[in-house]
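Here's the structure, in structure tokens; my notes come after.
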There are 2 protein chains.
Amino acid sequence: MQAYNLWPPTMEKHVTGGRRKFRREGADLRRSALVRATLDLIAEEGVRGATVRAIAERAEVTQGLIRHYFSTKEDLVLAAYLEHMAGLTEQTFATVERGGNARTRLVALVVASVTPPVVDAASVGLWAGFLNHVRQDERMREVHARTYHEFRDRLETLIVAALEEAGRVIGTGQARRLAIACNAVIDGLWLEGGALPEAFEAGELPGIALKSVGAILGLNLERGEQI
Amino acid sequence: MQAYNLWPPTMEKHVTGGRRKFRREGADLRRSALVRATLDLIAEEGVRGATVRAIAERAEVTQGLIRHYFSTKEDLVLAAYLEHMAGLTEQTFATVERGGNARTRLVALVVASVTPPVVDAASVGLWAGFLNHVRQDERMREVHARTYHEFRDRLETLIVAALEEAGRVIGTGQARRLAIACNAVIDGLWLEGGALPEAFEAGELPGIALKSVGAILGLNLERGEQI
DNA sequence: CAGGTAATTATGCAAGCGTATAATTTATGG
DNA sequence: CCATAAATTATACGCTTGCATAATTACCTG
């Protein structure tokens with residue numbers, strides 16, 4: 001993720017004799033630039049490195065502007081968390097939604113979840129950094145819960161569809177439990193793959209993920225058609 | 001975890017007219033008290049709350065003493081991380097090692113991993129707080145890797161034994177993959193159970209964990225004898 | 001093209017941080 | 001019982017932090 005230089009080459013910021021000293025931008029643009037800077041910094045340097053000053057510098061504004069858009073730093077961090085989790089979910093489901101039968105879509109989801117760019121050290125670091133805030137901030141906790149349930153519910157829907165496709169109908173209770181279980185495998189592999197990449201051989205995780213989820217569901221998700 | 005009052009009731013610290021102003025303690029005792037204070041603080045208030053001053057106060061010493069035992073704060077945090085992860089592993093395996101056949105021990109391990117006190121919000125918060133440091137500190141990364149592999153290796157040994165007990169012999173490659181998969185389920189459930197306790201019904205996780213691990217291994221781990 | 005308004009910068013403050021170092025106090029051993 | 005070393009406290013420094021507030025600046029509207 002690169003920070004954008006909002007200035008024409010001949011009109012640098014703060015240049016004596018330059019015409020403008022800064023440029024007004026729309027609120028949305030500035031807010032998203034600040035959020036992006038926050039995410040990049042937490043990913044690169046950890047929560048500790050994401051100070052108000054560093055964020056402002058990264059976003060190429062002065063620190064006072066942060067207060068103009070976010071009444072507190074915690075608000076900015078919350079916005080960044082929201083953005084990150086939404087992006088992660090979207091990224092994971094991106095290749096899934098379009099077409100194919102349920103089994104194919106499920107396979108795509110599982111594979112995407114444990115493959116770069118979803119599996120990524122910075123992404124896991126980011127997530128861990130936020131998780132620490134979650135315990136202390138009510139709003140963060142709410143985002144955490146919502147994100148988790150959203151992903152799990154979509155997974156559950158896909159599982160039910162894939163099983164029906166195979167001629168099996170299950171109750172809501174079992175669907176719930178299967179989704180929790182599959183979600184746990186995916187989460188676990190995603191986490192470990194991101195936090196400890198050197199512990200796994202290249203391309204090892206998708207195979208393990210498919211075999212495990214398949215075993216839990218009683219479906220053969222690897223190569224070939226059903227069963 | 002309570003902080004201990006090292007002083008006799010009649011001889012409080014800093015009391016004017018009291019005899020001693022402090023008491024010398026063995027290095028091990030002080031080091032462990034500081035580590036414990038650090039863990040408690042990170043668990044309760046997050047990484048941000050675990051300042052040198054707060055840690056010293058919690059351990060009932062002055063802040064200068066920290067520097068006497070740990071040359072830097074990062075060293076103290078490292079020691080705390082080591083302690084926490086070792087404790088977590090030990091706690092998880094505690095009920096497992098003693099007796100029983102391999103299948104029984106495996107069941108015990110899986111259940112213990114997703115049940116309090118191993119599943120615990122503070123413990124997960126602690127773990128997440130440390131994970132953030134892991135990305136930036138080489139020594140932390142080393143502890144992280146070692147802890148992960150140690151747990152997974154012990155799990156793998158247990159899996160191989162349980163399968164052999166059922167008359168199945170597997171190769172090292174498959175043993176490795178099964179261990180990775182089962183470890184991921186356990187990790188995922190542990191994480192979610194700790195971070196989002198209200199998302200699960202009471203006692204729901206052990207059942208899900210046993211069914212999932214059983215499905216992955218092709219073993220019936222729930223009630224009754226094998227198969 | 002003037003004037004108002006909102007965006008942005010500039011400046012500063014008070015508190016908290018980790019660390020360093022010197023001064024005390026306790027315990028130990030001859 | 002005194003000397004010595006180690007544990008512990010006391011104090012302070014320099015830096016960074018988040019936040020506040022006032023001074024500028026750019027842009028929009030008439």
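Because the structure is a prediction, the values reported are computed rather than measured. Side chains included, hydrogens not; waters and symmetry mates left out as well; all remaining heavy atoms used.
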Distance in angstrom units between [X] [atom1] and [N] [atom2], rounded:
X     : N      : atom1 : atom2 : value
A:R23 : C:dT8  : CZ    : C1'   : 14 Å
B:L78 : C:dG18 : CG    : C1'   : 17 Å
A:I55 : D:dT16 : CD1   : P     : 16 Å
A:L29 : D:dC27 : CG    : P     : 14 Å
B:L34 : D:dA7  : CG    : P     : 13 Å
A:L76 : D:dC19 : CG    : C1'   : 14 Å
A:F22 : D:dA26 : CZ    : P     : 6 Å
B:R31 : D:dT8  : CZ    : C1'   : 16 Å

Check ion pair B:E44-A:R135 (N to O, under 4.0 angstrom): no
Would you indicate, yes or no, if [N] has its OP1 or OP2 atom less than 4.0 angstrom from a side-chain nitrogen or oxygen of [X]?
X     : N      : value
B:R30 : D:dT8  : yes
B:R20 : C:dA27 : yes
B:T51 : C:dC17 : yes

Out of curiosity, [X] [atom1] to [Y] [atom2], how far, rounded to the nearest 0.5 Å?
X      : Y      : atom1 : atom2 : value
A:R176 : A:D153 : CZ    : CG    : 10.0 Å
A:F22  : A:L65  : CZ    : CG    : 9.5 Å
B:I208 : A:I216 : CD1   : CD1   : 10.0 Å
B:L155 : B:E150 : CG    : CD    : 12.5 Å

Any residue of residues 63-74 of chain B with a heavy atom less than 4.0 Å from an atom of DNA chain D: B:Q63, B:G64, B:L65, B:H68, B:Y69
Result of checking A:E142, A:H144, A:H149 against A:R146 for side-chain hydrogen bond (donor to acceptor under 3.5 Å, both in side chains): A:E142
Pairwise ring pair (Phe, Tyr, Trp, His ring centres under 6.0 Å) hits with a residue in residues 77-98 of chain A, at least two apart: A:Y81-A:F130, A:F93-A:F151
Side-chain donor/acceptor contact of A:R53 with base of D:dG18 under 3.5 Å: yes
Sugar-phosphate only, base, or nothing, as touched by A:V52 at under 4.0 Å among non-hydrogen atoms: sugar-phosphate
